[in-house]
*Asks:* 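Let me give you the structure first, and then I'll get to my questions.
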Amino acid sequence: LEAGALSNPVLRARRNLTDRIGDPLLRGLSGLAAALAVAVIAGIVYEVIHIAWPAISAFGIGFVTTNDWNPVTENFGAAPFLYGTVVTSAIALIFAAPISIAISIYLTELAPSRLRRPVATLVDMLAAIPTVILGLWGILVLGPFMHDTIEPALQSVLGFLPIFSGDPSAFGYLTAAVILTIMVTPIITSVTREVFETVPGDLKEGAYALGATRWEMVREVVLPYSRAGIVGASILGLGRAIGEAIAVAQVIGGATAINRSLFHTGGTMAAQIAAQFQGAPGALQKPSLAYLGLILLVFAVVVNVIARLIVQRGKLKDTDATLTEAEAL
Amino acid sequence: VSAPGGHALLLDRGNLKRRNRVNRAIEITSTIAALLAVAVLLLVVGSVLLKGLSALSIHFLTTPTGLFGDTSGGISNAIVGSAIMVGLAALMAIPVGLLVAIYTTEFAGPRFGHAVRFVLDILNGVPTIITGIFVFGLLVEGNKQSGFAASVALAIIMLPIVARTAQEVLTLVPANLKEAAHALGIAHWRSTVRITVPTAAGGLITGALLAVARVAGETAPLILLSSIYGQGVLTEPGEALASIPIFIFQSSESPSPEAHTQAWAAALILIAFVLVLNVVARAFYARSRKRMGA
């Protein structure tokens, strides 16, 4: 459209000065802003590597597997925090993904229509609570509850497992995992709910017409149709759990060694950076924390890219399906 | 879709009996899951209300934080600091985010627009503590902590939220409005500024409000960039400034019950601000979608 107007020399000459300046100005300014967004990503990668460089050259790739964090001997390794990050995020995902699917089933198939929107809004509000407040709640309410009730109960039933051994504790991997579950459940739910809503009504009615119960309809129609969305949403939630620094730092206890018991205190990469970066002494501690940050950044970017690709591929497949349907008609 | 209710003709026995039982169990589980999520929200907000309200007073809101360990002060310095840092961040992120969205929806080809969208999604997925390390290296290392550095980090966190929501609403603007403008010979920049953006205003405000709500409670980058500050109410962005999230974080780590009470009270202020902003943002969004007939 615009190109057509410009190619006409008469129109071009008649365009007044503000328009001759305004068009390239807006294009240039907005292009600059887009370039800035790209530059920020590049800048983040550069700065993190730059700060981490002394630790990268001192410890090399062995940093990843070194199970030590000793500021006195200046020997640092990522293993305790990699372990903590993987364990807490994995537990959070194992809890949050099924809970999110269940909430979405309730919101799209079960809830009375009057309740759907208010309940969905309340679940969304859970995502809006600042994580530092979740952490505060974790320290003062959830932690004592885990110590007094949940962990003794787990121990009495499953105490033979090494992950439930040792003394119950208010702070540790399990408390952090529960906080992360609360954090990521609304995030996963908002995506799965939206995907569930896009399932065509005639497919559902078809299942009912064949005599399916509601659950059978969900299992055979809604879940397969939404698979890409569910997986993508879960991985997005995983990304959020991996990167959460504050709430985890508040409740995980800040230990710098791997512990087999989930009740025990530990650390994650993000929480360790939050706890120690400011005022880190020595020549290698701050670079080592930035090295943790680099690993975390790689994790976060990979997880996000995979999630987006899955969600996108799912969408493409849907449009393909719709197209073939249209052609068949 | 309405599900089959009571089946008068289908007898509840044999295979169907088992299937109905499984169905019932799943329905109950799903309902419990939804109740659980709402209960956790009420539990957290309830705890904050219950424990924060007792410590909330005019004195608490209008007095700066005391020296370390002194809990007789309040959070006026934190309120002012948060307002300055979040305000500066909004001033940086909202115009830039809007411009990014305008570029991708009005000027860029589909391929480049897609690429920018992808970059924004990745930026949105970068852990905020990493954004903190970035700005630390950029502005604080070899220098000192400052409210300005913190606001740059908050702006980076806001940028993808503002830009992505703006993209979504700008693409909802009816094409016939733009085409009418072009047909009248109105320059592209003029139709963008005077027609496209105002039509989408409600949605744009939504994105901006949600972004502000999101960073108002952001703590991780502030620990690196603005956590060691002087006494009293400071307003100079060149200096490190107090903030509500850092106050909550530091008070929550303290062993003293008085500090915990103060943390709850500050959390009450923060949670009220964030939730109100969310509700207002949703209202704007609903109105704007209705206006654009989406």
Side-chain angles (χ1 to χ4, degrees), chain A residues 1-2 19 22-23 26-27 29-31 33-34 37-38 40-41 43-44 47-48 50-51 99 102-103 105-106 110 119 122-123 125-126 128-130 132-133 136-137 139-141 182 185 201 204-205 208 213-215 239 243 245-246 250 270 273-274 277-278 290 293 296-297 300-301 304 308, chain B residues 1 3-4 19-20 22-23 26-27 29-31 33-34 37-38 40-41 44 47-48 96 99-100 102-104 107 116 119-123 125-127 129-130 133-134 137-138 156 159 182 187-190 192 213 217 219-220 223-224 227 245 248-249 252 260 263 267 270-271 274-275 278:
Chain A
L1 254 168
E2 178 207 34
D19 284 352
D23 267 347
L26 185 62
R27 176 187 275 271
L29 270 180
S30 61
V38 179
V40 166
I41 281 277
I44 288 174
E47 273 300 344
V48 173
H50 181 73
I51 299 176
I99 293 175
I103 296 173
I105 292 174
Y106 175 79
L110 292 174
V119 174
L122 286 178
V123 177
M125 286 293 169
L126 196 53
I129 294 179
V132 69
I133 295 180
L136 173 71
W137 183 79
I139 292 176
L140 298 175
V141 181
I182 295 174
T185 297
K204 296 190 198 173
E205 279 157 12
Y208 284 138
T213 63
R214 191 167 354 218
W215 162 242
I246 291 304
Q250 282 168 293
I273 300 169
F277 196 87
Q278 169 52 42
L296 180 60
L297 182 61
V301 170
N304 264 282
R308 304 283 171 200
Chain B
V1 180
R19 289 165 55 207
N20 274 335
V22 172
N23 182 51
I26 298 282
E27 286 186 0
T29 314
S30 298
T31 311
V38 173
V40 167
L41 175 74
V44 174
S47 301
V48 172
V96 175
L99 281 172
V100 173
I102 288 177
Y103 187 74
T104 51
F107 296 110
V116 172
V119 164
L120 289 172
D121 283 339
I122 298 299
L123 193 56
V126 170
I129 188 87
I130 303 289
I133 295 181
F134 165 58
L138 202 66
I156 293 172
L159 179 65
H182 283 303
H188 194 176
W189 78 276
R190 220 182 268 276
T192 303
T219 317
I223 290 181
L224 273 48
S227 60
I248 298 172
F249 181 69
S252 78
H260 291 164
L270 181 57
I271 219 169
V274 168
L275 292 186
N278 264 275

*Asks:* Is B:I133 close to chain A through its backbone or its side chain, or both, or neither, when contacts mean heavy atoms under 4.5 Å?
*Replies:* both
*Asks:* Can you sort out the partners of B:F134 under ring-ring contact (aromatic ring centres under 6.0 Å, His included), two or more places apart, ordered by chain and number?
*Replies:* none
*Asks:* Less than 4.5 Å to any heavy atom of chain A: does that hold for the side chain of B:T192, its backbone, both, or neither?
*Replies:* side chain
*Asks:* With a 4.5 angstrom heavy-atom cut-off, which part of B:A263 approaches chain A: side chain, backbone, both or neither?
*Replies:* both
*Asks:* B:A37: what forms a side chain to side chain contact (heavy atoms under 4.5 Å, CB included) with it, not counting sequence neighbours?
*Replies:* A:I103, A:V123
*Asks:* Just how far is it from atom CZ of A:R308 to atom CG of B:D121, taken to the nearest 0.5 Å?
*Replies:* 3.5 Å
*Asks:* Out of B:L123, B:T29, B:I102, B:T104, return the one with the most heavy atom pairs under 4.5 angstrom to chain A.
*Replies:* B:L123
*Asks:* Quick check on A:L122 against chain B: is it the side chain, the backbone, both or neither that has a heavy atom closer than 4.5 Å?
*Replies:* both
*Asks:* With chain A as the partner, which of B:I26, B:V100, B:V119 has the greatest number of non-hydrogen pairs under 4.5 Å?
*Replies:* B:I26
*Asks:* Using a 4.5 angstrom heavy-atom cutoff, name the option from A:T185, A:I99, A:I51 with the most pairs to chain B.
*Replies:* A:I51
*Asks:* Quick one: what part of B:L224 sits under 4.5 Å from any heavy atom of chain A, side chain, backbone, both or neither?
*Replies:* both
*Asks:* Mind telling me whether B:F107 and B:H188 have parallel, tilted or perpendicular rings, with 30° and 60° as the class edges?
*Replies:* tilted
*Asks:* Need one label for B:I129: side chain, backbone, both or neither, based on atoms under 4.5 Å from any heavy atom in chain A.
*Replies:* side chain
*Asks:* At a 4.5 Å cut-off on heavy atoms, which part of B:L138 comes close to chain A: side chain, backbone, both, or neither?
*Replies:* both
*Asks:* Heavy-atom distances under 4.5 Å only: say whether B:T31 touches chain A with side chain, backbone, both or neither.
*Replies:* both
*Asks:* Of all of A:S30, A:G22, A:G243, which one pairs up most often with chain B through heavy atoms under 4.5 Å apart?
*Replies:* A:S30
*Asks:* Name the option with the most non-hydrogen atom pairs under 4.5 Å to chain B; the candidates are A:I41, A:V301, A:V38, A:V48.
*Replies:* A:I41
*Asks:* Under a 4.5 Å cutoff for heavy-atom pairs, which residue among A:V141, A:I129, A:L126, A:V132 has the most contacts with chain B?
*Replies:* A:V132
*Asks:* Quick one: pull up CG in A:L297 and CD1 in B:I130 and give me the separation to the nearest 0.5 Å.
*Replies:* 5.5 Å
*Asks:* Just how far is it from atom NZ of A:K204 to atom CZ of A:R214, taken to the nearest 0.5 Å?
*Replies:* 10.5 Å
*Asks:* Counting heavy-atom pairs under 4.5 Å with chain A, which one of B:V116, B:L270, B:V44, B:I248 comes out on top?
*Replies:* B:V44
*Asks:* Could you grab the distance from atom CG of A:L140 to atom CD of A:Q250, nearest 0.5 Å is fine?
*Replies:* 9.5 Å
*Asks:* Measuring from A:I139:CD1 to B:S252:OG, what's the distance to the nearest 0.5 Å?
*Replies:* 3.5 Å
*Asks:* Looking at B:N278 and B:V274, would you say the former's side chain and the latter's main chain have a donor-acceptor pair under 3.5 Å?
*Replies:* yes
*Asks:* Less than 4.5 Å to any heavy atom of chain B: does that hold for the side chain of A:A245, its backbone, both, or neither?
*Replies:* side chain
*Asks:* Which answer fits B:S227, side chain, backbone, both or neither, if we ask what part of it has an atom under 4.5 Å from a heavy atom of chain A?
*Replies:* side chain
*Asks:* Is a side-chain N or O of A:N304 found less than 3.5 angstrom from the main chain of B:I122, in a donor-acceptor match?
*Replies:* no
*Asks:* In Å, rounded to the nearest 0.5 Å, how long is the span from OG1 of B:T219 to CD1 of A:I246?
*Replies:* 5.0 Å
